[in-house]
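The chains referred to below are lettered A, B, ... by the order of the sequence lines, with proteins before strands, and numbering in each begins at 1.
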Amino acid sequence: MTDPATAPEPLRAAVRRAVQAAWERATAEGALPAVPADAVAPVVEIDHPGNPEHGDLASNLALKLAKPLRRPPMAIAEALAGALRAEAADLLGEVSVAPPGFLNMRLAPGAIEAALDAVRSADAAFGRVRVAAPQRLNVEFVSANPTGPLTVGNARGAFVGDLLCRVLEAGGHTVTREYYFNDSGRQVRVLGASVAARRLGEELPEEAYRGDYVEDLARALPAETWSAATAPGADRDGMIGAWASERIRSGIQASLEHLGVRFDVWKSEASLHRDGWVDRAVERLRAGGHIYEEEGATWFRSTTFGDDKDRVITRGNGEPTYFAADIGYVTEKFSRGFDHLIYIWGADHHGTVARVRNAAEAMGYDREHVEMRLVAWVRFVRDGQEVSMSKRAGEFITLDELLAEVGVDAARWSFGSRTPSTPIDFDIELAKKQSAENPVYYVQYAHARIASILRKAVESGIAPAPSLAGAIADDPVAGALAREILRLPEVVEDAATDGQTQGVTAYATELATSFHAYYRDRRVVDPADPATSAARLALVDAARIALRNALALLGISAPEQM
RNA sequence: GCGCCCGUAGCUCAGUGGACCAGAGCAUCUGACUUCGGAUCAGAGGGUCGGGGGUUCGAAUCCCUCCGGGCGCGCCA
């Protein structure tokens, strides 16, 4: 994509600055008193009123100022409105005041037209913004251990994490996508033992992975690996487990790429130990007095930071816990220069959030920059019956299977439109049935329809007008669509700021609805009226760009025809 | 028992301090193609926002409490 700097400033941001300036102006001119030193000055908030009669944009600033300024909100609003009319004549048309103290604003038609022209020149960059404080971010997600293929249980984390990354990037942050996997330790040995048993045709051990994929692995095991692993003195289960987990890991990578989810860094747990990150981190904690030995184990004094209990770092048998690797990993990540770490974890991991953040704080990092986002569990249901998922027992539906039935675009939409922290029921039969009715097709259809119109225009020899100046001022139907188009950067700004990414699907739906309404009311290509057609084509082209960019943000295709 | 998350229309879910914001999609019902794509559009019915208290000029949204559901509380990962 193009440099975000080339993207136009969101109109709302421009209005926010104008209102801020008007406030300062009114204060300087004596129309409003200054905020007393002991009071907190409110932040200027601009939103879109639900009722169109209230204008395009509104601010509750006067309501917020009423208390600190000890003035009636209506009087404050009048003072602000007066200053604003002088401050932003080009940007705003009508500025009015409504009880109990709202400041209502209507955009100047010229400002809307100019913004639409900017949309078309920004093209792919439209919708990319720069948040107040762009950061270098590390986002770790999925991170399923390579002891079996990804299941539908991993789907939500994958989609939610990928969407968050896309949104953060569109907001101007620099994002590294990271997958952490456990390639050593007990589970890998169990996997190795399971594969070895299959290879030998033996009964599986009590604790074993039982899925069909274990059988496949046993068949695919190269003869050289097998003979090396079974040589006298060789660590058979460890060696086979290592081979198997790497093979599974690359399969996971392929599955994720099929979903359009790519990682920049694949980090192995073993490498954190091998490269000394874990030892150094523990020493760092020890130097700070946060470590003690008891009952043969090494403990981190997590209770210092409010945890319920202290946490074991090294077991009595000398083996480090998973938590030890987590601590080392934090230092390793920060050593790469990230400002902020984000972890997307399943809700079942919430018990481990505090200890990792506590350890980070103990090592001298700002715990606010170690952020865990918990994704609620998906309850998979088939015909009303819960489908139990167990990799060990071999009872699971793989991610690949789900997507073969539901489709990547529909699945991305389904998970992207829901708040990550809300638990959801996912009925697989219903999803298959409903995949044809997924709202994603509604949005894609709008895009395809626009593409069709543009093709039609080429046939008719009518090109979109280079500029919309003066073209939509007195057409309310066009104005409604234009306003919707111009909201994309605001949606991105909001989502990148608070991480509430589900607003993007809502926006895409609303934009599609606006376009369909426009299509209904205005004939775009009319050979009898080339001038009007050219202007309408330009507007529709801007809608195409907004729709396509919103879908791109969601990782969903924008088809030219369906 | 303690901690975290959740409870909004028949179903799946948005909205989490503002003014017709009580919404969307699906489902149900009624309409609309001799005109740019009907995978569309117009309209209808349907909810004491789990219950109750409180804070506020204003509460689905914040606080308390109760009820209901999920998850966690390992020298597992």
Side-chain angles (χ1 to χ4, degrees), chain A residues 45 47 49-54 58-60 63-64 66-67 72-73 98-102 104 143-145 147 182 185-187 269 294-299 307-309 311-326 346-354 374-377 379 413-414 417-427 430-431 433-434 436-446 448-457 459-460 462 498 500 502-503 505-506 509-510 512-513 515-517 519-527 533 536-537 540 561-562:
Chain A
E45 290 171 24
D47 63 355
N51 183 347
E53 286 173 22
H54 292 147
S59 178
N60 59 2
L63 274 330
K64 299 276 192 210
K67 196 159 285 178
F102 287 99
N104 292 331
S143 294
N145 280 338
T147 53
N182 178 274
R186 222 174 57 84
Q187 287 201 57
E269 185 197 14
E294 193 174 291
E295 296 170 16
T298 304
W299 298 73
D307 203 349
D308 298 338
K309 53 188 79 169
R311 305 291 173 177
V312 172
I313 286 182
T314 308
R315 300 187 187 105
N317 66 7
E319 270 189 47
T321 61
Y322 195 85
F323 176 48
D326 281 339
D348 55 338
H349 280 61
H350 80 251
T352 65
V353 169
L374 300 180
V375 175
W377 235 220
R379 197 165 152 270
W413 185 278
S414 293
S417 59
R418 287 151 166 72
T419 309
S421 61
T422 302
I424 53 178
D425 279 358
F426 196 96
D427 189 310
L430 207 59
K433 249 183 288 174
Q434 286 186 344
E437 295 146 6
N438 192 300
V440 72
Y441 299 118
Y442 177 81
V443 176
Q444 289 181 317
Y445 181 75
R449 198 178 223 184
I450 291 173
S452 169
I453 291 171
L454 293 173
R455 286 193 295 268
K456 188 89 181 177
E459 285 170 22
S460 308
I462 302 172
D498 64 12
Q500 297 301 305
Q502 66 275 13
T505 52
T509 306
E510 286 157 17
T513 298
F515 166 70
H516 286 308
Y519 174 87
R520 177 194 68 229
D521 293 335
R522 294 289 180 271
R523 165 157 276 277
V524 179
V525 180
D526 180 4
S533 296
R536 290 179 176 172
L537 279 166
V540 164
Q561 51 192 9
M562 295 175 72

Contact under 4.0 Å: A:Y519 side-chain N or O vs B:G38 OP1/OP2: yes
Sugar-phosphate only, base, or nothing, as touched by A:D307 at under 4.0 Å among non-hydrogen atoms: nothing
Pairing partner of B:C4 (Watson-Crick or G-U wobble, both distances under 3.5 Å): B:G70
Separation between CG of A:L374 and NE2 of A:H349, rounded to the nearest 0.5 Å: 10.0 Å
Residue pair A:P100 / A:L63: nearest heavy atoms and the distance that separates them: O-CD1, 3.8 Å
Touch class at under 4.0 angstrom, heavy-atom based, for A:L374 against every strand present: nothing
Which residue lies more 5' along RNA chain B, comparing A:Q502 with A:S59 via nearest heavy atoms: A:Q502
Sugar-phosphate, base or nothing in reach of A:A66, heavy atoms under 4.0 Å: nothing
Sugar-phosphate, base or nothing in reach of A:A457, heavy atoms under 4.0 Å: nothing
Side chain of A:T419 (C-beta onward), nearest among B:G37, B:G18, B:A14: B:A14
B:A24 to B:G70 separation - P atoms, rounded to the nearest Å: 31 Å
Whole-Å gap separating P (B:C26) and CH2 (A:W413): 12 Å
Whole-angstrom distance between B:A44 and B:G3, as gauged at atom P: 48 Å
Length of the CG-P vector between A:N60 and B:A59, whole Å: 15 Å
Sugar-phosphate, base or nothing in reach of A:R523, heavy atoms under 4.0 Å: base
Sugar-phosphate only, base, or nothing, as touched by A:Y442 at under 4.0 Å among non-hydrogen atoms: sugar-phosphate
Side chain of A:Y441 (C-beta onward), nearest among B:G38, B:A39, B:U12: B:A39
Whether A:F102 stacks on the six-membered ring of B:A19 base, 5.5 Å and 30° limits: yes
P atoms of B:G17 and B:U28, separation to the nearest Å: 36 Å
Closest approach of A:R536 to A:R522 (non-hydrogen atoms, all atoms of both residues): NH2-CD, 3.2 Å
Interatomic distance, A:D521 CG vs B:C36 P [rounded to whole Å]: 15 Å
Nearest-nucleotide comparison on RNA chain B, the residue closer to the 5′ end among A:D526 and A:T422: A:T422
B:G54 and B:G7, which share atom name P, separated by this distance in whole Å: 24 Å
Same-atom distance (P) from B:G25 to B:A14, integer angstrom: 16 Å
Point-to-point distance, once rounded to the nearest 0.5 Å, from CD of A:E269 to OG of A:S143: 11.5 Å
Opposite nucleotide pairing with B:G38, Watson-Crick or G-U, both atom distances under 3.5 Å: none
Value in whole Å for how far the C1' atom of B:C36 lies from CG of A:L537: 10 Å
Watson-Crick or G-U wobble partner of B:A9, both distances under 3.5 Å: none
Non-hydrogen side-chain atoms of A:W299 and A:I313 separated by less than 4.5 Å: no
Sugar-phosphate, base or nothing in reach of A:R522, heavy atoms under 4.0 Å: base
Rounded C1' spacing from B:C57 to B:C64 in Å: 23 Å
Rounded distance in Å - CD (A:E510) to P (B:G25): 10 Å
d(NZ, A:K67; P, B:G17) in whole Å: 17 Å
For A:Y442, all residues meeting ring-ring contact (aromatic ring centres under 6.0 Å, His included), sequence neighbours excluded: A:H516
Contact state string [nucleotides 67-77 of chain B, B base, S sugar-phosphate only, - no protein heavy atom under 4.0 Å]: ----BSSSBSB
A:R449 NZ/CZ over A:F515 ring centroid, <6.0 Å and within 45° of normal: no
Whole angstrom value for the distance that separates P of B:A59 from CG of A:L63: 13 Å
Sugar-phosphate only, base, or nothing, as touched by A:S421 at under 4.0 Å among non-hydrogen atoms: sugar-phosphate
Short side-chain N/O contact from A:R520 to OP1 or OP2 of B:A42, under 4.0 Å: yes
Within-4.5 Å side-chain heavy-atom neighbours: A:Y322 and A:N182: yes
Watson-Crick or G-U counterpart of B:A44, or none if no pair lies under 3.5 Å: B:U28
Interatomic spacing from CD in A:E510 to OG1 in A:T505 - rounded to 0.5 Å: 9.5 Å
Presence of donor-acceptor pair under 3.5 Å, side chain of A:D47 and base of B:A19: no
Rounded distance (Å) that lies between atom P of B:G58 and atom NZ of A:K64: 14 Å
Counterpart base for B:C20, defined by Watson-Crick or G-U wobble contacts under 3.5 Å: none
B:G43 and B:C62, which share atom name C1', separated by this distance in whole Å: 38 Å
B:G51 versus B:U61 - spacing of their P atoms, nearest Å: 10 Å
Non-hydrogen atoms of A:A297 and A:G316 that approach each other most closely: CB-N, 4.1 Å
